[in-house]
Every structure is written in C-alpha cells, then in structure tokens.
Amino acid sequence: MSTNSTHKWAAGAATGIGSMPGGDAREAAKTVTGSLEAFPYLPELPARGPGADMIGRTIGMLVEVYAHVEPSGWRISDRPGRDTRRARAWLGEDLDALEEFTQGYEGPLKVSAVGPWTLATALELRNGEAALGDPGACRDLAASLAEGLRAHLADVRRRVPGAEVVLQLDEPSLTSVLQGRVKTASGYRTHRAVDRAVVEGALRDLVGAAGGGPVVVHSCAPQVPFALLRRAGAAGISFDFALLTEREEEAIGEAVEGGTALFAGVVPGVDGRLSDPAGSVMGVRTLWRRLGLTPGTLAESVVVTPSCGLAGASPAYARSALAHCVRAARSLADNPE
C-alpha cells in the first residue's frame, strides 16, 4: 500500500465514525482495533447514558466551561458537577481501554469531538436558549473547545506514542446553522443564520488547535458544505454517501483536486444485509468517472466508512460492518476502474 504524502493513512484505508453499541469500553476497543488494524478510532458508547454521548463527551473536554443535564438537554453550569465528572470518567475509561489494545501500534488513530457549531446548538445557556443565539457565547465555547482538544490530543499521543492522531470534528448541525434552521427553545422561531465567514473562521481555529495533525469534519446530514470545509483547512470530509445530490458534485470534485480526502459513508449503520464489498463502493467509482477524476487517485482520496455511527446496531452487525468497510476499501485499491 502506498501512502499519500499529504494524508496520514495508507491508500485503500477504512475506518469507523465514532459510536458503537453496548456499554463495555474494553469490548468496544477490542472490536475496533481488531477490525480496523490500519486505522482504528476511539469508540463512543452512548448507551451508557448522558455524558457518554458525543455532546456529553465533548462537554467533559471543555476548559473552564461546565454543564449539567436538564430534561431539555445540556445546560451551562457555574462549576463542574456530577454530569461533567461522569463524562470525564467515561472518557478516561475509554482511553484506558484503547491504550490497552494499541500497545506498540504505529499509524493513524482517529479521535472525535463535537465541532463548535453543533456544540453551540446543543448547549443551552442559563435562560434555556441555545448558545448559538449569542455570538459571544459561541466565541467562548470555541476557545474553550480548542484548549480542551489540545490537552486531549496531547493525552492520546502520550498514551499511544506511535499514533498519528487524526481529529474528527462532528458537525451534524452545521448545515442547519448556515441556513438558519435551528429552532429556538419555544420551537416557534429559528435562530438567525450565522455568517459563513464566522462559521469558517471558528472551524479554521479548531483545525489549528490540532497542532498540525489532520482534521476531518463529519456530518451525516444532507447538503454538507464541502467548499467551506475545504477552505477552513479540513484534511478530510466525512459524509453519508447516500445523501449526496448532483448539487454537491462540483464542490466534491474541487475538494478532491485540492487534496481533501473523502470519508465516504457507504456501509449502512444499522442491521441489514450487507452487499458484496465491491458493490458497496460502486457508487463511489461511478461518481469518480462522472467527475472525470483519475481512477488511480481513487484509493488515495477515499476512506471507506459506515454511513454514520453504529450505536443503533447490534454488536455482531457493528463488527461485520467495520470488517465490510475494510474489504470494500481494499476492492477500491485493487480495482479502481
């Protein structure tokens, strides 16, 4: 396998998104490292409850910003309470398990956190409204997240010294933020669309916080803003391949030609019958031909993933889906035409 000099992973790579079923950190780490030997990731186990979900885990990483769980979701607090402590404890448990199963590992290792804009839509201020509606709160949140991520990435690098750490920012709400579709607490109005330059600037700052390591932005929502993410410095864009429309094709072609990797979610995230591995990536090959891109660049530019997290899958299916991604990626590398 050749390695593309601009990316930290080999051609024909496959990885997962983030969440896994169940609540056993060691079992999840064992499955992920066993199935994805060349590109493992730190699993999230939301079935354990609030604090183990992607929002809660990220809140546990924040520096000098604390939150607690209300019936409506996560809300800003004055000091770290039980919910923040639990989120940090679970992250520690997950990291311990990952460290155990990556002894001697060298290569790319993906960790994820919620990006600044999805975090701002999910975190409530004291008045119950999303932080998104307050530009100052958004700036504070992004700065706290950048500082927290620097510490988290340093911790991962210390625990797995051979790892090339890849940071994934989960931004499923990004398109809604840009289009002014995030509802207010009453549900009757929506928050104003955030200026694209402001959105891009905050993401660029977060990319900078990764300390030169590659940052992948993930969204399994429709209408992923490929051009904006590329300008913000994302090394890769992770998306649900089934949601692509012709409208995004030109931006995808430009992203690929500019060296951005595509993390193509082609394997269903919930239990079902898996097609043959080559069939799973047929759409990717077709898109390549339609865009007039060189088949030889396919395996270097595309990382195969499930369409979204696997929290809703059975443990047996989750294991099969990850193994299937590996086989599908190999078929792209072996037969790009």
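Since this is a predicted model, take the numbers as computed values, not measurements. Hydrogens, waters and symmetry mates are skipped; everything else that's a heavy atom, side chains included, is used.
- Arg48 has a carboxylate O that lies under 4.0 Å from a charged side-chain N of Asp94, or vice versa, which qualifies the two as a salt bridge.
- Atom CG of Leu293 is separated from atom CZ of Arg285 by 14.5 Å, given to the nearest 0.5 angstrom.
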Practice task
Please assess Arg181 against Thr175 for the test side chain to side chain contact (heavy atoms under 4.5 Å, CB included), listing each intermediate value before the final yes or no.
Solution key: CA-CA 8 Å; Arg181 289 194 282 115; Thr175 303; 3.8 Å; yes
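- Taken from CZ in Phe263 to CD1 in Ile237, the straight-line distance is 10.5 Å, to the nearest 0.5 Å.
- Closest non-hydrogen pair, Leu62 versus Ser144, comes out as CB-OG, 3.3 Å.
- In this structure, Asp134 and Glu129 have side chains that are not in contact, with every pair of non-hydrogen atoms separated by 4.5 Å or more.
- By the 4.5 Å heavy-atom criterion applied to side chains, Leu149 and Leu145 are counted as neighbours.
- Residues Val182 and Leu228 share a hydrophobic cluster, clusters being chains of Ile/Leu/Val/Met/Phe/Trp/Tyr side chains in contact below 4.5 Å.
- The residues Arg126 and Asp78 are annotated as salt-bridged, a charged nitrogen and a carboxylate oxygen being separated by less than 4.0 angstrom.
- Contact between Gly56 and Ala87 at its shortest, heavy atoms only, is O-CB, 3.4 Å.
- Between Asp155 and Arg159, at least one side-chain nitrogen of the basic residue sits less than 4.0 Å from a carboxylate oxygen of the acidic one, meeting the salt-bridge criterion.
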Handout entry: From CA spacing to verdict: side chain to side chain contact (heavy atoms under 4.5 Å, CB included), Ser176, Trp117
Key = CA-CA 10 Å; Ser176 297; Trp117 297 106; over 6 Å; no
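- Within the 4.5 Å cutoff, the side chain of Asp53 has no heavy atoms near those of the Glu44 side chain.
- Atom CE of residue Met282 and atom OG of residue Ser331 lie 10.5 Å apart, to the nearest 0.5 angstrom.
- The closest donor-acceptor contact from the side chain of Glu248 to the backbone of Thr245 lies under 3.5 Å.
- Looking at every heavy atom in both residues, Ala38 comes nearest to Pro40 through C-CD, 3.8 Å.
- Side-chain contact check for Thr121 versus Val177: some heavy-atom pair is nearer than 4.5 Å.
- Side-chain N or O atoms of Lys110 include one that pairs as donor or acceptor with a backbone N or O of Gly16 at under 3.5 Å.
- Taking every heavy atom of both residues into account, Arg157 and Ala210 meet most closely at NH2-O, 3.3 Å.
- Between atom CH2 of residue Trp74 and atom CD1 of residue Ile59 there is a gap of 5.5 Å, rounded to the nearest 0.5 Å.
- What you find for Tyr317 and Pro268 is that their closest heavy atoms are OH-O, 2.6 Å.
- Annotation for Glu254: atom CD counts as buried by contact number, over 12 foreign heavy atoms lying within 6.0 Å.
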Exercise for the section: Would you please test Leu169 and Val216 for side chain to side chain contact (heavy atoms under 4.5 Å, CB included) and show each step? Expected result: CA-CA 6 Å; Leu169 293 174; Val216 174; over 6 Å; no
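- In this structure, Leu174 and Leu203 have side chains that are in contact, with non-hydrogen atoms separated by less than 4.5 Å.
- Note on Leu332 and Phe241: same hydrophobic cluster, where clusters join Ile, Leu, Val, Met, Phe, Trp and Tyr whose side-chain heavy atoms are under 4.5 Å apart, directly or indirectly.
- A 4.5 Å side-chain heavy-atom check between Asp170 and Thr58 finds every atom pair outside the cut-off.
- Scanning both residues, Ala251 and Ala227, for their nearest heavy atoms gives CB-N, 4.3 Å.
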Handout entry: Verdict with supporting geometry, Glu200 and Arg204, salt bridge (Lys or Arg N to Asp or Glu O under 4.0 Å)
Key = CA-CA 6 Å; Glu200 188 185 318; Arg204 190 178 298 112; 2.4 Å; yes
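- With a 4.5 Å cut-off on side-chain heavy atoms, Thr33 and Thr102 count as touching.
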Exercise for the section: Begin with the C-alpha distance, continue with both residues' side-chain angles, and end with the deciding distance and a verdict on side chain to side chain contact (heavy atoms under 4.5 Å, CB included) for Thr15 and Val166. Expected result: CA-CA 11 Å; Thr15 189; Val166 177; over 6 Å; no
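- At least one donor-acceptor pair under 3.5 Å links the side chain of Ser19 to the backbone N or O of Leu310.
- Here the CD atom belonging to Glu124 is positioned 12.5 Å from the CG atom belonging to Leu132, to the nearest 0.5 angstrom.
- Panel note: side chain Ser280, backbone Val266; no donor-acceptor pair is recorded below 3.5 Å.
- Summarising the geometry, atom NZ belonging to Lys183 is positioned 11.0 Å from atom NE2 belonging to His191; distances are rounded to the nearest 0.5 Å.
- Between Leu42 and Val156 there is no side-chain heavy-atom pair separated by less than 4.5 Å.
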